[in-house]
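The residues of the chain are indexed from 1 along the displayed sequence. In each ligand, atom 1 is the first atom listed, and ligand 1 is the first ligand listed.
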Amino acid sequence: MKRILSGVQPSGRAHLGNYLGAIRQHIEMAEKFEAYLFIADLHALTTTKDPQLMREQTYDLAVSYLALGLNPEHTVFFKQSDLSEHAELCWIFDCIVKMPFLERAHAWKDAQAKGKKETSVGLFNYPILQAADILLYQPDLVPVGQDQKQHIEMTRDIAITFNNTFGETFKIPEPHIKKEVAVVPGTDGQKMSKSYGNTIEIFADEKELKKQVMGIVTSSVPLEDPKDPKSCNVFQLYKLLGTDKEVKDLEDKYLKGGFGYGDAKKTLLAKILDHFSQAQEKYQELYPKKDYVYGVIEEGNKKAKIMASKTLEEVKKKVGYK
Ligand code: TYM
């Protein structure tokens, strides 16, 4: 059976971008493949320096995955910082990766371009930790959104370098990116991302969700005129959630005219509320069940440890530590 692995940072509430681009595929694929999914809290420390927020966001992400349908019986669901193997393998990779290789990383280049000269070593090293996350579990596929493609390519390069230096050790994983949702747009049309402040959060309460949807940027075409669905952020998001018929109906309304953006936003809001109504109920039900949620992670940690420590043992032999 093929194996998948992926992670999400606990850097804010789950939004439509990380749900449609990644979490939905993670949960679906876990029913067909052997699945390792984790909360990437080591990576989140590059941005979150508030311990209480770190705890809350980690817990919130765990509850969100479970509410969205993750089945802990079919998935090894764990927390990155609970497995010291990630940081250990990261160090070993640190010693075979050259600085110019890391300087090509988009996230690093963006931070430099924005004049953030004081970026942390952790941010610079981010792709190496991600390579360790992935390669410890020897997966075939890594389901992610488009923004992670470069990290998977770097992971492949690191695996090849290690194999060439110390002998065949790592399987070379493939990125798995679903085309239609590779880049989910945010309320301003850029990629939806917490750092751009343009997210629509799945588990926000109705009032907050309404504010986010009503805040979607649209053109100034008057209500009575026909509108272009393709260039509209509201329509682009609706397309990702509606059935073919619902999408066609909304498209017709745009093209006919006499249908304003306010109406389109209300249609999208209703769709989101309907789409996530069950998940929302489950979220409310699970949130107070701390013992259960932490218990799921504990179990996942134990199972993940078996695989991670096996790979690390092999790596230690290869480099001469054993
Ligand atoms: P993160 O936490 O930023 O995002 C989690 C997943 O959601 C996808 N995603 C999107 N996809 C489409 N459109 C969007 N607007 C959008 N926003 C987010 C991301 O591509 C990602 O798949 N570095 C990773 C976490 C990580 C990881 C790993 C992933 C750490 N180690 C190992 C895979 C394998 C990250 O920051 O994702």
Side-chain angles (χ1 to χ4, degrees), residues 3-27 29 35-48 57-58 60-62 64-65 68 76 78-81 83 85-87 89-90 93 105-108 110-111 122-123 125-156 158-159 173-202 233 236-237 239-241 304 308:
R3 184 178 301 145
I4 65 160
L5 171 131
S6 202
V8 175
Q9 287 191 70
S11 51
R13 273 194 293 204
H15 55 73
L16 278 181
N18 43 39
Y19 171 69
L20 294 170
I23 295 174
R24 181 157 76 177
Q25 279 72 263
H26 299 166
I27 293 171
M29 290 173 91
Y36 286 81
L37 299 174
F38 69 96
I39 299 175
D41 56 346
L42 292 178
H43 281 107
L45 194 60
T46 58
T47 48
T48 308
Q57 292 184 159
T58 299
D60 185 78
L61 184 58
S64 300
Y65 255 107
L68 289 163
V76 178
F78 64 101
K79 179 152 80 70
Q80 186 189 26
S81 66
L83 284 108
E85 286 81 357
H86 291 243
L89 184 58
C90 179
F93 288 161
H106 298 317
W108 171 254
D110 288 353
L123 185 73
N125 216 17
Y126 189 111
I128 305 197
L129 178 60
Q130 185 154 345
D133 298 338
I134 297 171
L135 297 173
L136 274 175
Y137 301 89
Q138 307 273 19
D140 301 279
L141 299 172
V142 185
V144 285
Q146 182 68 27
D147 59 357
Q148 296 300 313
K149 188 163 185 258
Q150 191 193 32
H151 287 150
I152 316 302
E153 283 162 359
M154 294 175 94
T155 298
R156 290 166 58 88
I158 292 171
E174 297 281 341
H176 178 88
I177 299 171
K178 203 168 167 189
K179 216 165 123 236
E180 319 80 83
V181 285
V183 185
V184 176
T187 54
D188 58 357
Q190 295 186 80
K191 182 190 84 164
M192 188 177 289
S193 166
K194 171 91 178 158
S195 52
Y196 301 152
N198 63 0
T199 56
I200 295 177
E201 295 168 342
I202 301 170
N233 296 326
Q236 289 313 313
L237 286 169
K239 221 171 80 178
L240 303 176
L241 292 171

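- A 4.5 Å side-chain heavy-atom check between L136 and L5 finds every atom pair outside the cut-off.
- Side-chain contact check for L16 versus T199: every heavy-atom pair is 4.5 Å or farther apart.
- With sequence neighbours excluded, the residues forming a ring pair (Phe, Tyr, Trp, His ring centres under 6.0 Å) with Y137 are Y36, F78, H86, listed by chain and number.
- Using a 4.0 Å heavy-atom criterion, the residues that approach ligand 1 are L5, S6, G7, V8, Q9, H15, G17, N18, G21, A22, F38, A40, H43, Y126, Q130, D133, I134, V142, V144, G145, D147, Q148, V181, A182, V183, V184, K191, M192.
- Residues Q25 and I4 form no side-chain contact, since every pair of their non-hydrogen atoms from C-beta on lies 4.5 Å or further apart.
- Using modelled atom types, no side-chain atom of Q146 and backbone atom of V181 make a donor-acceptor pair closer than 3.5 Å.
- Not one N or O on the side chain of D110 forms a donor-acceptor pair closer than 3.5 Å with the backbone of A107.
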